[in-house]
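To start, the structure under review is shown below, and the notes come after it.
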Amino acid sequence: MEFAELIKTPRVDGVVLHRPFMPTVEGTLCLTGHHLILSSRQDTTEELWLLHANIDSTEKRFVGSLGTIIVKCKDLRVIQLDIPGMEECLNIASSIEALSTLDSVSLMYPFFYRPLFEVIEDGWQSFVPEESFKDLESMTDEWRLSEVNKDFSLCPSYPSLLTVPKDIDDESLCKAASFRHGGRFPVLSYYHKKNAMVMMRAAQPLTGTNGRRCKEDEKLINATLCAGKRGYIIDTRTIAVAQQAKARGGGFEQEANYPQWRRIHKAIERSNVLQDSLIKLVEACNDQSHSMDRWLSKLEASNWQSNVKEILTTACLAAQCIDREGASVLVHGTEGTDSTLQVTSLAQIILDPACRTIRGFEALIEREWLQAGHPFQQRCAQSAYSNGKPRSEAPVFLLFLDCVWQILRQFPCSFQFNENLLIMLFEHAYASQFGTFLGNCVAERGKLQLSQKTVSLWSWVNRPQELERFLNPLYEPNNLVIWPSVAPQSLLLWEGVFLRWNRSTKCLDEAYQEMVHIIEYNKELQNKVNSLRRQLAQLETEDSPLQTP
Amino acid sequence: MEHIRTPKVEQVKLLDRFSNKSVIGTLHLTATHLIFVESNSTSAQEIWILHHHIASVEKLSLTTSGCPLLIQCRNFRLVHFVIPRERDCHDIYSSLLRLLRPVSYDELYAFSYNPKQNDQQREEGWQLIDLAAEFERMGVPCDQWQLTDVNREYKVCETYPRDLYVPITASKPIIVGSSKFRSKGRFPVLTYFYQEKKAAVCRCSQPLSGFSARCLEDEHMLQAISKSNHNSRYIYVMDTRPKLNALANRAAGKGYENEDNYSNIRFQFVGIENIHVMRGSLQKLLEVVGTRSLSMTDYLVGLENSGWLRHIKAIMDAAIFLAKAVTVEGASVLVHCSDGWDRTAQVCALGSLLMDPYYRTIKGFMVLIEKDWISFGHKFADRCDQLDPDPKEVSPIFTQFLECVWQLTEQFPQAFEFSEWFLIQIHEHVHSCQFGNFLGNSQRQREVLQLKERTYSLWAHLLSEKQNYLNPVYSPSFAESHPVLEPSTQACHFKFWRNMYHQYDRSMHPRQSILKQVLTFKESNRELEGTVQALKTKLQKFGVSTSPLKPQTPPRDRSLPLRPQSLILGAPLLSRKEVQQEEDEEVFGEEAREDAPASTDGERTVEGSSATENGYGELTGSFGSKNEPAVVTLEFGVARMTC
């Protein structure tokens, strides 16, 4: 297919762009296969480069022959284009509509994007499972890397290499896989070095209404327990939801069959509910006419903050079981690709200082989200302005990032990265020039040949020039477990994302810069003092023989 | 001391407000404080509660472990003791009841507080803030405004200060006539002069207009204010009350200005609720946020139902209206409510702060409070329940003002010389009665009490520990680019002030504080600059010439100042290990909590960096040791040496 077919009017002059908190710009609007570009043809004024993939929805209005297109983006920004001429406006609108809803992944921009920077380290190779297994091997020899899913036939959403207990053979794994939703049998998620406890994740067991059991599954998870120890199963669903799942062939671990495990049910919402929550929240944030009461009541009705609290609480619970109770944990919900990953990844941020570095956080996202098979393409197909029929969109990853931001707010000195990194990840998960978040699982990414045909986000982020922007100047490595407060008073609305486009951040940005400056100046002074001291010491030793006589 | 029946009770249990944690310690009762000293020798936390801070004491019914005593403080601290023997509990209870209700001013702490200063120092403290100098700074007196001596003897208005500024054309008969037509005699006077446009902000109380009464002198008075400003043909009259309240007042012979009788006024209601609504609102807010295991839904619904943020926004909206009228239109504004000492003070003070960068400095903020709140007769004694309590008079009007300022600091982090810590400390002392500034209801009363001779000034005290209240990212040049602040008043930009209303609830706060961290860097920079300078001087002796250091600041005292321990600035360094344990017992789920092992991990250290490294060693050492004199801390809100 040629993009040109979709572009009826590639260029319109005299288009006026309105953006919140920025002066309006008049210029020429150009449509390319992947971008909407507005250029004022003046060197001083900024241009608009918008990926079609970033467009969530559009609206058009006419006053006389002046058409207006309101473009709502997946990064929650809303811009307005005034286009003279009805026909031009209609053409532009329909082109944008078509180009922003392309079905085929291989037509996406990452397949066409050529980096303008030199790739020093290929991000596709930065975080391979073999490497993280090496780290594990240095701590324990209880685990092995299994190739049982080599051709993705056992579990299509798992990667080809999986970390499993050493004593469990591949044959048992196959049986356990047949007992778990989507073949997602229990695998290692995290090893807590301090007390050798582990966190595993899986999908729900397929017990069904007649209480099926699977010896291999039981054996598999029991193999992670020390003698005489009990473990915890954290089911991210309420007991009622888990009960209902039985009717559809799913279910939960029966006490009788898993006597060494204690099951805890939490109440993390399912994806369609979360999508609704996001839509309501963004609507509330964008309505500027609110009275205080209306704002608070709409914020409450969106349930977003409740979702944040519930997810964070569950993650803290998992971390508490491991670090405080000294028990191993198995986490699952229904499919094991959404709430499960929120919990396991957040628990690691709480427990493991390595996950609070930039590199470690990237590795965490690679491990616990991308390789673990979170269906990014489905979940991030639409954002808060989707008005079509909901398919499987859900802000599962955004909620995870929000929770990380909450912890970052409470421990501002314990993270190597700052808020910018989280916002950047949110943007790229929804629309990007990089291939990292394309596809729904490792198998799909392999088929799309992303690592050959597209550039990895990490190749870009990990360049020193880019990293600068994401560094937290307050960072001081901290080896402790960090326990966030989950009281509602301690959890804030993530303004950096949700109020980003309806406030001017100039004052806040400048204050941040001042803080950076103070800290940098401190380093500079320290160096100066050191060098002066050295100089002085040198002079003193040179001088001393002269003084003695 | 005769009220103290049992000065000391041992084996008292202190329950944590939001978790199941508790500690055992000893309770001491002194003439001024209730003190709890934890028995555990390693951390030995101490809690000092000033009697004046106690809002209520409640004795709950006897339980198996003892007799619970619930103490609620005006600085939003809430402590829950369990005292083993009921008799002891009753003794403490009845002593406190007597101690927290002083019957005469002489019993207030300010009259016994002695920070070991001589009379001269005390006097200098009181001279720090000079309102005549402040009016001079604004450019008053000038060709249009003059000082009047009409109230020199407090004969025209008891609740106003002696020195008042009025239009040059307002003669004494006009003033006196106008004052007779205004509630409590509070006639229109100048409170802020916007020199750039010669526009004035004036304040007064409501007119006694009833349904039809008018007063020519009062009309003249407004005319005179209007005439003094050549930039505008009209003046705004802001009635800060909701229209309904103003209407209701007419039936009592009061009310608001009739636009037909006053030429060239633009009359405007701005709808701030009265003291009773505000009191109820805060009460509801505190009830909600004091709930254990609060859900997000209950929190947000409770926040909405309390109306607290709605009221904060209303005050802010009014102040912005005032600032715009003055700075953009160049019009003078007359502000009033009913008596002109609550809402009027809020709006005038906040409006001036928006217009004038000086009020955003530490000194300027003190001046602002001294002017619009203290001198113009905000009834601190009544509103803060200092003496002879009338529950109907108590209201968090001043707290709201501080909160509005805090909301502004959140939007403009570089505009203020002080941090929120300064605001919280002021709030602490408005209720502590430790200093003379806020005692009484009016200047006249303060003179009768001879406060300047018998008590100390808070401002001197705060200035002496100024470095603790600095905003590290403050930029004086911000004032040049933003002489007038234009805050957003969208509802979503107003936040719940956790650090105020939960200032004593450790578990609610971020575990690491950006403010503390950056302040430390800033202090370290100052110290390093001194070191660089000293090293260069030494090098010069060897004949080595060095380039001058870039930002020159005089070398200061090397030692970092003692940082008061504050929960807002992060949990105490000393007891980090306990904090870590304590936090586990939060809300993550009851299920997983049984038989939690006592943590004995030796490897754990203080969060962040070690105490010695970042210069907090001294503080850490001194905290909790009894022989350390005169360390004033936010935690205690009082100087220790007094006991």
Side-chain angles (χ1 to χ4, degrees), chain A residues 232 264 266 285 288 290-297 299-300 305-306 309 313 316-317 320-321 324-326 409-414 474 476 478 480 482-483 485-493 499 502-503 507-508 510-511 514-515 518-519 521-522 525-526 528-529 532-533 535-536 539 543, chain B residues 18 289 294-297 299-301 303-304 309-310 313 411-414 472-473 475 488 490-496 498 502 507-512 514 517-518 521-522 524-525 528-529 531-532 535-536 538-539 542 544 580 583-584 586-589 591-592 596-597 599 604 607-609:
Chain A
Y232 289 91
I264 302 167
K266 299 301 285 183
C285 291
Q288 309 196 354
H290 284 336
S291 71
M292 185 59 73
D293 289 3
R294 216 169 113 88
W295 155 247
L296 288 171
S297 99
L299 178 63
E300 189 277 312
Q305 293 297 93
S306 296
K309 179 167 155 60
T313 307
C316 289
L317 176 68
Q320 193 182 359
C321 291
R324 295 279 125 183
E325 308 284 310
R409 279 292 297 222
Q410 296 189 26
F411 295 89
C413 308
S414 297
L474 293 165
E476 281 175 35
N478 163 10
L480 296 179
I482 52 175
W483 300 107
S485 161
V486 294
Q489 297 97 312
S490 307
L491 302 177
L492 307 169
L493 177 70
L499 302 181
N502 47 22
R503 60 171 184 175
C507 291
L508 304 178
E510 283 170 1
E514 176 61 22
M515 181 186 85
I518 290 169
I519 296 168
Y521 182 48
N522 190 261
L525 282 170
Q526 301 254 5
K528 182 96 193 163
V529 165
L532 286 174
R533 283 214 172 108
Q535 209 179 339
L536 193 64
L539 286 170
D543 266 20
Chain B
F18 292 103
V289 300
L294 181 63
S295 78
M296 186 59 81
T297 299
Y299 168 64
L300 291 172
V301 168
L303 203 57
E304 181 195 338
L309 287 176
R310 188 178 72 226
K313 179 168 149 55
Q411 287 196 32
F412 304 100
Q414 293 193 279
V473 296
S475 154
S488 154
Q490 270 186 61
C492 54
H493 293 140
F494 288 82
K495 296 176 224 167
F496 170 68
R498 184 186 56 212
H502 283 300
S507 63
M508 297 282 172
H509 298 294
R511 309 302 202 259
Q512 294 167 328
I514 295 178
Q517 207 70 19
V518 180
F521 274 117
K522 193 122 191 191
S524 155
N525 285 356
L528 285 169
E529 279 174 355
T531 314
V532 168
L535 285 169
K536 283 189 173 169
K538 276 190 192 168
L539 278 169
F542 288 98
V544 182
Q580 283 272 337
E583 284 153 11
D584 298 334
E586 262 163 4
V587 244
F588 308 145
E591 301 93 334
S599 168
R604 283 174 181 251
E607 180 82 64
S609 66

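All chains are named by letter (A, B, ...) in the order of the sequence lines, taking the proteins before the strands, and each is independently numbered beginning at 1. Worth knowing before you read on, the calculation uses all heavy atoms, side chains too, and leaves out hydrogens, waters and symmetry mates.
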Heavy atoms from other residues, nucleotides or ligands near CZ of A:Arg409 exceed 12 (cutoff 6.0 Å): no
Atom group of B:Thr297 that falls short of 4.5 Å from chain A, counting heavy atoms: both
A:Gln489-B:His502 side chain donor-acceptor pair, cut-off 3.5 Å: yes
Atom pair SG (A:Cys316) and CZ (A:Arg324), whose distance is rounded to the nearest 0.5 Å: 12.5 Å
Intermediate values then yes/no, side chain to side chain donor-acceptor pair (under 3.5 Å), A:Gln320 and A:Tyr232: CA-CA 11 Å; A:Gln320 193 182 359; A:Tyr232 289 91; over 6 Å; no
Under 4.5 Å from any heavy atom of chain B - which part of A:Leu474: side chain
Among the listed options A:Ile518, A:Leu299, A:Leu492, A:Leu493, the residue most often paired with chain B at heavy-atom distances under 4.5 Å: A:Ile518
Interchain contact, B:Glu304 with chain A, by part (heavy-atom threshold 4.5 Å): both
Donor-acceptor under 3.5 Å (A:Asn502 side chain, A:Cys285 main chain): yes
Side chain / backbone / both / neither for B:Ser295 at chain A, heavy atoms under 4.5 Å: backbone
Selection from B:Lys313, B:His493, B:Gln411 maximising heavy-atom pairs under 4.5 Å formed with chain A: B:His493
Proximity breakdown for B:Arg498 and chain A, heavy-atom pairs closer than 4.5 Å: side chain
Region of A:Leu499 in contact with chain B, defined by heavy-atom distances below 4.5 Å: side chain
Qualifying residues under side-chain contact (heavy atoms from CB on, under 4.5 Å), relative to B:Lys538, sequence neighbours excluded: A:Leu536
Pair A:Glu476, B:Gln512: side-chain N/O donor-acceptor within cut-off below 3.5 Å: no
Engaged part of A:Arg533 at the chain B interface, taking heavy atoms whose separation is under 4.5 Å: both
